[in-house]
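Step one of this worksheet: look at the structure below.
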Amino acid sequence: MNLSPLIAALDVENAKEAQRLVDELSPYVDIFKVGHPLFMRYGYEVTDYITGKGKKVFLDVKLHDIPNTVYLAVKAAREKGIFMLTLHASGGRKMIEHARKAKGEGFPLLLSVTVLTSMDEKQLKEIGILKNPEEQVIHLAELAVSAGSDGIVCSPNEVKPLRERLKKDAIIVTPGIRPEENGKKDDQKRTATPKKAIEMGADFIVVGRPLYKSAYPAQKAKQILESIEM
Ligand code: C5P
């Protein structure tokens, strides 16, 4: 499968706006990420639009529940033609194994989230995790992949250590991408340019605001892809 490494995050609240972005970005983007904001409002309306256009859906709903419930949720996503789906690695081995069983060798590809980038050491301690965030990310990523996760979503900082430790075909997806070295970071703390993220070993980069807040999203997407190839 030869897919564009650029995943567009559709973090907008309106289905029409999401559809316009899909149409505009389609020459450069094969996978569109739909998260809670759109999914809670429209359910599969937007994802069906994306698949109807021949594009793929990354459903970012970070599943975290008992194994049987996650099994049923992944089965539904499989039947709905979802291409990538996120789950929390902290749900544990049994939960991930059940997710894997629900989709077998097919789709959706299961991507595990380790430590949310909004969590720092202090907040981790508060919920009883004594490892520092980096150690915890590596610990959970290794657990997730060994339990059947196809890959990991991680910050640019973690791409290199995870690429070195995880098996070669583990998929690494990274958000926190900012096209300009000294550009606006918004609420992202650890960022990297698209080129840097790919060089460090990411298979896909997720880009939200730099695309959907741009006056010319397609032009921006083209520039991002060109910057990776340079
Ligand atoms: O707008 P921006 O490019 O920062 O969007 C990044 C996207 O990646 C958002 O959809 C955000 O929810 C998601 N994400 C993230 N950090 C994570 C996991 C997901 O920014 N650790």
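Each ligand, and each atom within it, is numbered from 1 in the order the structure gives.
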ask   = Does L111 offer a backbone N or O that forms a donor-acceptor pair with the side chain of T86 under 3.5 Å?
value = no
Notebook entry, point to check: More than 12 heavy atoms of other residues, nucleotides or ligands under 6.0 Å from NZ of K196: is that the case?
Noted result: no
At a 4.0 angstrom heavy-atom cut-off, ligand 1 is contacted by A9, D11, K33, T117, P175, R178, Q188, V206, V207, G208, R209, P210
Quiz prompt | Other residues, nucleotides, ligands: >12 heavy atoms within 6.0 Å of E13 CD | solution = no
Before you tell me yes or no, could you show the steps for Y42 and D48 under side chain to side chain donor-acceptor pair (under 3.5 Å), namely the whole-Å CA-CA distance, both residues' side-chain angles and the distance that decides it to 0.1 Å? CA-CA 10 Å; Y42 299 103; D48 285 346; over 6 Å; no
- Message: Less than 4.0 angstrom from a charged side-chain N to a carboxylate O is my criterion; do K213 and D11 meet it?
- Response: no
Between the side chains of E226 and K222, is the shortest nitrogen-to-carboxylate-oxygen separation below 4.0 Å, so that they form an ion pair? yes
